[in-house]
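One structure is given here, and the rest of the page talks about it.
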Amino acid sequence: MVFDVLTLFPRMFDGPFSESLLGRSQKAKRLDIRIHNLRDWADDVRHQKVDDRPYGGGAGMVIQAEPVYRALKDLGALKKGKGRPWVVYLSPQGRTLTQGLCEKISQRKHVILICGHYEGIDERVMSWVDEEVSIGDYVLTGGEIPAMVLVDAVSRLVPGVVGDPESVINESFSSGLLDHAHYTRPAVWKGLKVPAVLLSGDHKGIAGWRKAEALKRTKLKRPDILKKR
Ligand code: 4GX
């Protein structure tokens, strides 16, 4: 899967995308995450200015339409037809990112993410945006962290990114329930015992315990999920 990220702060992505699963999967060519500096498409190549004051006045700056348009054009988003990438703008006005939306996005081969800053981008480029996505109802300083969240959550659904496909299938949300509790060695720690069934070797018993635990936890911690199910 290919991600193109358009940002004014490309270095913010250095850490999160080079470590752990995402780093490994890029080396293995399962993922191709390309970070682009929006300033490379600035009108004024020398000053590389890509923002300006809002018409009508008020605080803050607005990212100009032209650099975003040029970047989208170069990345293939303006052509029509099948190979066209899916263009996402991260913004608090978007549809909330859920596991379901991540699954939907993971079906795409090529996704372009636009990270807004300041007061956002000129509304006139929105006609090339396929989908606005929000990571939650709070205001951040820019769209970079939301883009990282989306790339991370979507990437782990790409076949091969998470080594054991079981851990993607059995986890929270996919089943509509929270995950059951987990324990590892030692079997007794500070006098606290691991539930006996997990040491029993009885696979059916273990599966039953886990299912019941997951239900109990969901009822207790996230009753809203149960209602939706
Ligand atoms: N989930 N931000 C976008 C710029 C902006 C401001 C106003 C449109 C309108 C966010 C979020 C988020 C901060 C990214 C403001 N764009 N993005 N940016 N929550 O808070 O996705």
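Everything quoted here is computed from the prediction, not taken from an experiment. The figures that follow rest on heavy atoms only: side chains count, while hydrogens, waters and symmetry mates do not. All ligand and atom numbering here is 1-based and tracks the order in the structure.
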task: Could you list which atoms of ligand 1 come closer than 4.0 Å to a heavy atom of G143?
output: 14 (C)

- request: Find all atoms of ligand 1 within a distance of less than 4.0 Å from any non-hydrogen atom belonging to V139, and give their numbers and elements.
  value: 20 (O)

message: Check D32 with R34, please: is the shortest side-chain N to carboxylate O separation under 4.0 Å?
response: yes

statement: Near Y138 (heavy-atom distance under 4.0 Å), the atoms of ligand 1 are 19 (N), 20 (O)

- prompt: In ligand 1, which numbered atoms sit nearer than 4.0 Å to a non-hydrogen atom of G136?
  reply: 19 (N)

query: Less than 4.0 Å between a side-chain N and a carboxylate O, is that true for D179 and R210?
result: no

- prompt: Which protein non-hydrogen atom lies closest to atom 21 (O) of ligand 1, naming both residue and atom, and how far is it?
  reply: S91 N, 3.4 Å

- prompt: Tell me: protein heavy atom nearest atom 1 (N) of ligand 1, and distance?
  reply: I135 N, 3.0 Å

field: Co-membership, hydrophobic cluster, residues V151 and I135, 4.5 Å side-chain
entry: yes

- prompt: Which residue supplies the protein heavy atom nearest to atom 15 (C) of ligand 1, what is that atom called, and how far is it?
  reply: L140 O, 3.9 Å

field: Pair E131 + R95: basic N to acidic O under 4.0 Å
entry: yes

message: Yes or no: does V133 have any heavy atom under 4.0 Å from an atom of ligand 1?
response: yes

message: Under 4.0 Å between a side-chain nitrogen and a carboxylate oxygen: does that hold for E66 and R70?
response: yes

task: Using a 4.0 Å heavy-atom cut-off, say whether P146 meets ligand 1 through its side chain, its backbone, both or neither.
output: side chain

task: Look at D130 together with R84 and state whether they make a salt bridge at an N to O cut-off of under 4.0 Å.
output: yes

task: Give the numbers and elements of all ligand 1 atoms closer than 4.0 Å to a heavy atom of G120.
output: 4 (C), 5 (C), 6 (C), 16 (N)

message: If hydrophobic clusters are built by linking Ile, Leu, Val, Met, Phe, Trp and Tyr wherever their side-chain heavy atoms come under 4.5 Å apart, do M148 and V158 end up in the same one?
response: yes

task: Note the single closest protein heavy atom to atom 16 (N) of ligand 1, along with its residue, its atom name and the distance in Å.
output: Y89 OH, 2.8 Å

- request: Could you tell me whether D44 and R46 make a salt bridge, using a distance below 4.0 angstrom between a side-chain N and a carboxylate O?
  value: no

task: For L90, counting its heavy atoms only, list the atoms of ligand 1 lying under 4.0 Å from any of them.
output: 3 (C), 14 (C), 17 (N), 21 (O)

field: Nearest protein heavy atom with distance in Å, relative to atom 9 (C) of ligand 1
entry: Q93 NE2, 3.4 Å

message: Determine whether F3 and H110 satisfy the following criterion, ring-ring contact (aromatic ring centres under 6.0 Å, His included), listing intermediate values before the conclusion.
response: CA-CA 6 Å; F3 293 97; H110 185 182; 9.1 Å; no

